[in-house]
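Chain naming here is simple, since letters A, B, ... match the order of the sequence lines and numbering starts at 1 in each.
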2 protein chains.
Amino acid sequence: MGATLERDIRERFRRSGYTLTSQRKAVLEALGESRGHPSAEDVYLLVKQKNPRVALGTVYQALGVLEEIGVIEAKHWSESPTRYDLNVGPHLDIRCLRCGEVSEVPGVHFENLEDSIRAATPYEVTRATVVVEGLCPACHAEG
Amino acid sequence: MGATLERDIRERFRRSGYTLTSQRKAVLEALGESRGHPSAEDVYLLVKQKNPRVALGTVYQALGVLEEIGVIEAKHWSESPTRYDLNVGPHLDIRCLRCGEVSEVPGVHFENLEDSIRAATPYEVTRATVVVEGLCPACHAEG
DNA sequence: AGATGATCAGTAATCGTTCCTGTTCGCGAG
DNA sequence: CTCGCGAACAGGAACGATTACTGATCATCT
Ligand SMILES: [Mn+2]
Ligand SMILES: [Mn+2]
Ligand SMILES: [Zn+2]
Ligand SMILES: [Zn+2]
């Protein structure tokens with residue numbers, strides 16, 4: 001487990017000045033296990049299975065530093081708590097409006113979109129993200 | 001004021017079965033006056049100036065039905081309360097990370113993006129919105 | 001006038017998230 | 001090794017946006 005921790009992640013911790021504590025490791029492991037896009041609460045429940053003493057606030061704090069150093073990414077949908085993603089490459093995630101499942105949409109590129117936004121506004125554009133919602137195949141089948 | 005109310009809006013109310021009450025009119029007027037992308041709280045404060053008895057909950061309810069019948073649109077940014085927009089045509093809005101100002105980004109089209117999303121996922125895509133953040137010229141100048 | 005259903009005001013409750021306080025941890029200097 | 005110090009933590013309170021509830025009002029129909 002601890003041995004499997006990516007060199008890159010350790011390096012990012014070193015350079016940021018944050019310490020890679022056992023709680024933060026546990027949050028990372030939970031994100032890996034959950035193999036998806038868990039909420040803070042989801043991560044909290046997984047982490048608590050192995051260490052019942054962790055506090056929810058600690059999970060939020062850990063997710064915050066992990067995001068800050070670029071190891072994970074937070075994604076927001078309007079009708080759901082924030083979801084966290086180990087996949088920090090540019091990609092889209094779609095969320096099912098009925099069951100809440102989030103999954104990745106491969107192969108869609110939108111760098112040109114961001115470029116045309118920059119060209120069309122006097123603002124300094126910091127981020128342009130695409131929020132996608134729909135119905136997963138299972139929920140769509142049910143009606 | 002009341003005379004200026006769009007024929008289209010009255011028609012949408014008629015067809016939906018909802019009634020166009022004075023409170024809902026006031027919410028619409030506030031949205032027009034605020035000439036921007038106000039939050040529910042913003043709308044509430046404007047409405048209260050003319051009718052101090054309106055309740056915040058009523059404003060939320062009114063915004064809900066106005067959105068439901070397609071007269072306004074709700075837009076979401078992760079670090080801000082929901083903003084409401086009288087402009088229901090397809091367009092982008094950018095929000096300043098420092099001062100919170102929201103303004104429109106004209107001339108950017110992204111229908112093809114939605115198409116390529118549909119082609120790339122087994123989900124039934126309901127909505128694909130672009131969330132744009134940055135720094136307005138004033139805030140960017142300050143540093 | 002009386003009944004009915006929608007809407008409303010006022011307020012309590014909810015939920016995700018952040019903040020706060022006292023405690024523990026890890027590490028470097030002595 | 002022990003002390004001191006700052007970072008991180010557990011636990012729980014507080015927060016802000018939104019929703020839910022409850023009893024009054026209002027418009028409309030009979
Ligand atoms: Mn993803
Ligand atoms: Mn707009
Ligand atoms: Zn589903
Ligand atoms: Zn600004």
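Residue A/L31 forms a side chain to side chain contact (heavy atoms under 4.5 Å, CB included) with just one option from A/V71, A/D42, A/L46, A/I72, and that option is A/I72.
Rounded to whole Å, the distance from CD on B/Q23 to C1' on D/dC26 is 10 Å. Protein atom CG of B/L45 is 12 Å distant from nucleotide atom P of D/dA17, rounded to whole Å. The separation between B/L56 atom CG and D/dA20 atom P is 14 Å, rounded to whole Å. The CD atom of B/E79 sits 13 Å away from the P atom of D/dA17 (whole-angstrom rounding). Distance, B/Y84 OH to D/dA17 P: 12 Å, rounded to whole Å. The CZ atom of A/F13 sits 13 Å away from the C1' atom of D/dA7 (whole-angstrom rounding).
Residues passing the salt bridge (Lys or Arg N to Asp or Glu O under 4.0 Å) test with B/R24: none are found, sequence neighbours excluded. Residues passing the side chain to side chain donor-acceptor pair (under 3.5 Å) test with B/Y123 are A/E101, A/S103, sequence neighbours excluded. Partners of B/Q49 according to the side chain to side chain donor-acceptor pair (under 3.5 Å) rule, which considers only residues two or more places apart in sequence or in another chain, do not exist here. Applying the side chain to side chain donor-acceptor pair (under 3.5 Å) criterion to A/T82, with sequence neighbours excluded, gives A/H76. Residues satisfying the salt bridge (Lys or Arg N to Asp or Glu O under 4.0 Å) test with A/E41, not counting sequence neighbours, are none.
Applying a 4.0 Å cut-off to non-hydrogen atoms, the residues of residues 58-66 of chain A that approach DNA chain C are A/Y60, listed by residue number.
Applying the salt bridge (charged side-chain N to carboxylate O under 4.0 Å, His left out) rule to pairs touching residues 130-143 of chain A yields A/R98-A/E142, A/E133-B/R127, sequence neighbours excluded. Applying the salt bridge (charged side-chain N to carboxylate O under 4.0 Å, His left out) test to residues at least two apart or on different chains, the pairs with a partner in residues 58-85 of chain A are A/K75-A/D93. Legend: salt bridge (charged side-chain N to carboxylate O under 4.0 Å, His left out) pairs involving residues 107-118 of chain B, not counting sequence neighbours, sorted by first then second residue: B/E114-B/R118.
When DNA chain C is scanned in the 5' to 3' direction for atoms under 4.0 Å from non-hydrogen atoms of chain A, the outermost contacting nucleotides are C/dG16 to C/dT18.
Nucleic acid contact class of A/E41 (heavy atoms, under 4.0 Å, all strands): none. At a threshold of 4.0 angstrom between heavy atoms, the contacts of B/S39 with the nucleic acid are absent.
Here the side chain of A/A55 is nearest to one of D/dT18, D/dA7, D/dA10, namely D/dA10.
Shown here for B/V47 and B/A26, the closest heavy-atom pair between the two residues is CG2-O, 3.6 Å. A pairwise comparison of heavy atoms in A/V102 and A/W77 identifies CG1-CH2, 3.9 Å as the closest pair.
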Would you list the protein and nucleotides 28-30 of chain D atom pairs, both N or O, that sit under 3.5 Å from each other?
none

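Remark: A/T21 is in phosphate contact with D/dC9, judged by side-chain N or O atoms under 4.0 Å from OP1 or OP2.
Along DNA chain C, the nucleotide closest to A/G57 and the one closest to B/V54 are compared, and the more 5′ of them pairs with B/V54. Take the nearest nucleotide of DNA chain C for B/P52 and for B/T19: the residue whose nucleotide is more 5' is B/T19.
Hydrophobic cluster membership for A/L135: A/L97 (Ile, Leu, Val, Met, Phe, Trp, Tyr linked by side-chain heavy atoms under 4.5 Å, directly or transitively).
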